[in-house]
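What follows is one structure encoded as structure tokens, with my remarks underneath.
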2 protein chains.
Amino acid sequence: MDDQGSGPLKSIADLARLAGVSVSTVSRALTGKGALNKGTRARIQALADHHGFRMNVAAQNLRLGRTGAIAVLMPLGHARGQQLSDPFFLTMLGYLADALTDRGYDLLLSRVLPDRDDWLDTFIRTGRTDGVIVIGQSDQGAALARAAASYRPLVVWGEQVRGDGPVTVGTDNEAGGRLAAQHLVDRGRRTLAFFGDVGVPEFAARHVGFLAGLPPELRDDVVLVTSPVTSEASEATARDWFAAGNRPDGIFAASDVVALSLIAAAQQQGLQVPQDISIVGFDDIPLARLTRPALSTIRQDIEMGAHHLVDLLVRRIGGEDAGSVQIAPELLVRESS
Amino acid sequence: MDDQGSGPLKSIADLARLAGVSVSTVSRALTGKGALNKGTRARIQALADHHGFRMNVAAQNLRLGRTGAIAVLMPLGHARGQQLSDPFFLTMLGYLADALTDRGYDLLLSRVLPDRDDWLDTFIRTGRTDGVIVIGQSDQGAALARAAASYRPLVVWGEQVRGDGPVTVGTDNEAGGRLAAQHLVDRGRRTLAFFGDVGVPEFAARHVGFLAGLPPELRDDVVLVTSPVTSEASEATARDWFAAGNRPDGIFAASDVVALSLIAAAQQQGLQVPQDISIVGFDDIPLARLTRPALSTIRQDIEMGAHHLVDLLVRRIGGEDAGSVQIAPELLVRESS
DNA sequence: CTGTTAGCGCGTTCAG
DNA sequence: CTGAACGCGCTAACAG
């Protein structure tokens with residue numbers, strides 16, 4: 001190395017001294033903002049990356065009055081055993097990480113235990129990030145609406161609520177439910193059931209769409225089974241339900257995880273899928289196409305969802321009044337129906 | 001509200017004015033550091049949270065010469081189709097988020113595409129975090145070793161390498177391989193195969209342990225099949241392999257995802273699991289106990305792993321010279337063997 | 001026990 | 001086109 005023996009460069013002041021210019025010149029050179037002689041800019045930049053110098057992002061952000069980070073809040077609740085195993089979250093996280101990086105933001109991940117109902121306000125007030133993305137509103141609609149009322153850079157993945165809820169990005173869950181209904185009817189199924197917790201807005205919309213997509217004579221006989229979202233619990237629920245003698249010929253599950261549990265439980269009861277019973281899920285998790293039988297499902301476009309979430313958030317940070325977005329779902333027919 | 005009409009509190013200076021004290025007094029009151037009259041401290045604290053005031057963490061960190069964040073780098077490569085769907089990562093992430101939060105650190109998530117071999121050095125040089133946790137060394141041993149040579153607050157989840165690699169936390173993969181071997185032998189299996197990519201250190205160690213756990217007369221006949229790690233690719237590999245007429249009676253897979261693909265492929269060939277063939281995985285992902293047959297596997301204690309990763313990292317940040325940790329694996333016998 | 005002062009590393013007027 | 005000076009919000013000596 002041909003360092004001048006003055007040690008590592010800790011700040012733009014060091015670099016300025018080395019280059020024989022002032023700190024503001026270095027600042028202009030490295031940020032690319034402000035007018036500056038082409039030559040000096042190039043010279044300073046060359047010097048900078050020759051020494052592997054990087055500006056202190058924290059100081060930069062402090063000066064600019066921002067944090068440079070976006071929080072992604074998820075119910076990663078292993079303690080409470082929620083969707084921890086749901087591959088949906090990780091997929092979403094991957095796409096969000098990309099989209100945020102492209103915009104120059106860091107991704108601050110925070111796990112949330114919504115025990116106290118002011119968890120969101122508390123987080124926001126710390127001012128650790130320039131914006132917040134919440135994945136899955138679950139039953140936290142009230143907390144989200146309250147926070148959204150006074151904090152604009154907040155976007156939520158989930159079902160769009162009427163009234164003054166937060167800005168959301170999500171699949172058109174009702175349309176998804178209708179797709180499932182029409183498909184099961186096409187398959188000649190008549191005795192139908194819905195598995196899911198309609199206390200969760202997303203699932204409620206899927207249920208509504210499912211009923212709406214059915215011919216009137218079938219609609220009233222649809223059984224609604226309130227099922228938990230985790231694999232373990234939903235499988236237990238399904239097992240008990242089949243053991244009680246229930247024998248529908250078509251089931252629409254609120255999520256793929258629930259659908260897979262249903263298949264497992266049905267097979268344990270000696271039922272053939274799809275011969276005896278058609279099962280359709282929702283999400284299209286990677287595993288859906290690998291099980292035997294492969295799962296028919298309503299696909300959510302997670303990549304597009306992540307893209308919209310970030311786009312919306314960035315625009316709201318910029319002061320725009322960007323509104324909610326719905327994404328069209330898609331029916332994937334595989335073996336389970 | 002009974003605000004004095006002076007608007008929201010933006011800094012400790014505002015609070016100081018309101019309380020009739022100096023900024024340093026407010027600083028001492030809110031941080032709890034330094035000597036201060038009990039009464040004033042309480043008074044200022046009360047005033048602060050009455051107004052919902054929070055200190056600017058960025059400024060605090062700038063002054064303290066730290067960032068208050070830890071980076072978690074993961075090969076979340078949907079573009080390259082890696083372990084994106086592997087629930088292992090999300091589980092680990094959840095535990096890491098908890099452990100870091102407990103220590104007062106933010107978790108900065110960054111997705112990594114290890115195309116250029118200086119990805120780690122580049123990230124570290126930005127100085128965005130006080131430390132780095134890398135999940136899964138994959139084939140990046142060289143990059144990790146190089147970074148570790150000059151950057152101390154770096155810990156890696158994965159197999160411990162001899163020589164001057166980074167500090168690691170990981171399961172004792174060799175011991176895990178031995179457990180699998182002994183179990184298959186106990187089951188009377190004689191014609192054995194290992195599915196996995198031994199170019200990845202973790203998998204190589206599992207393979208070595210597997211062979212070591214076998215009686216000499218079986219050892220030489222073990223077939224090594226280099227399998228990809230994703231569901232799709234590994235299932236294709238398995239299908240082709242079975243289709244070529246290979247008929248072992250016992251297989252140890254380098255991961256649960258691969259093991260599940262093996263089961264699917266075997267069943268497609270009309271093979272009964274475990275009657276015709278025993279299959280053992282590695283990880284114990286949540287799904288392992290839900291498939292039919294439920295997967296026998298070598299369990300990794302992810303929670304303990306996350307705990308050790310954070311503990312080690314924090315100690316190294318503090319200047320300690322803490323070394324690598326290995327965690328004992330556990331055999332879980334279910335239905336697939 | 002509390003106030004004053006001097007930076008942490010950077011961006012940005014305002015002069016020259 | 002470039003430099004000097006000030007301040008973002010906070011902490012840590014050093015005085016009093």
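In what follows, every chain begins at residue 1, and chains take the letters A, B, ... in the order their sequences are listed. Any value given below was found using the heavy atoms of this structure, including those in side chains, with hydrogens, waters and symmetry copies removed.
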* Asked: So what does V21(B) touch, heavy atoms closer than 4.0 Å: a base, only the sugar-phosphate, or nothing?
  ->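 Sugar-phosphate only.
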
* Asked: When we call it a touch if two heavy atoms are under 4.0 Å apart, what does L62(B) touch: a base, just sugar-phosphate, or nothing?
  -> base

Quick test of your reading of the model: are [X] and [Y] salt-bridged, counting only N-O distances below 4.0 Å?
X: D321(B); Y: R152(B); value: yes
X: R103(A); Y: D311(A); value: yes
X: D49(A); Y: R54(A); value: no

* To do: Of all the heavy-atom pairs spanning I124(B) and A147(B), show the shortest one and how long it is.
  => CD1-CB, 4.0 Å

Does [N] have OP1 or OP2 under 4.0 Å away from a side-chain N or O of [X]?
X: S11(B); N: dG9(D); answer: no
X: Q60(A); N: dG11(C); answer: yes
X: S24(A); N: dT2(D); answer: no
X: S27(A); N: dG11(C); answer: yes

Please state how far atom [atom1] in [X] lies from atom [atom2] in [N], giving the value in whole angstrom units.
X: R28(B); N: dC1(C); atom1: CZ; atom2: C1'; value: 8 Å
X: L64(A); N: dC6(D); atom1: CG; atom2: C1'; value: 16 Å
X: K10(A); N: dC8(C); atom1: NZ; atom2: C1'; value: 11 Å
X: M55(A); N: dC8(C); atom1: CE; atom2: C1'; value: 16 Å
X: I12(B); N: dT4(C); atom1: CD1; atom2: C1'; value: 14 Å
X: N61(A); N: dT12(C); atom1: CG; atom2: P; value: 12 Å
X: R54(A); N: dG9(C); atom1: CZ; atom2: P; value: 18 Å
X: L15(A); N: dG11(C); atom1: CG; atom2: P; value: 12 Å

* Worked verdict on S22(B) versus T25(B) for side chain to side chain donor-acceptor pair (under 3.5 Å) -> CA-CA 5 Å; S22(B) 76; T25(B) 298; 3.2 Å; yes

* **Strand-adjacent residues in residues 33-46 of chain B, judged by heavy atoms under 4.0 Å from DNA chain D** =>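 Hits under 4.0 Å, by residue number: none.
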
* Asked: Do R63(B) and dG9(C) share a donor-acceptor pair, side chain to base, under 3.5 Å?
  ->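 When only heavy-atom distances are counted, R63(B) does not reach the base of dG9(C) through any donor-acceptor pair under 3.5 Å.
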
* To do: Have a look at the helix from dC1(C)-dG16(D) to dG16(C)-dC1(D) and give the angle its two end axes make, five pairs each, rounded to 10 degrees.
  => 40°

Rounded to the nearest 0.5 Å, what separation is found between the [atom1] atom of [X] and the [atom2] atom of [Y]?
X: T91(A); Y: I302(A); atom1: OG1; atom2: CD1; value: 5.0 Å
X: L313(B); Y: E320(B); atom1: CG; atom2: CD; value: 12.0 Å
X: S324(A); Y: E159(A); atom1: OG; atom2: CD; value: 10.0 Å

* Which nucleotide sits closest to the side chain of N56(A): dT4(C), dA12(D), dC10(C)? ->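 Among the listed nucleotides, the one closest to the side chain of N56(A) is dC10(C).
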
* **Test salt bridge (charged side-chain N to carboxylate O under 4.0 Å, His left out) applied to R128(B) - qualifying residues, sequence neighbours left out** =>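 By the salt bridge (charged side-chain N to carboxylate O under 4.0 Å, His left out) rule, R128(B) matches D106(A).
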
* Within 6.0 angstrom of D102(A) CG, more than 12 heavy atoms from elsewhere -> yes

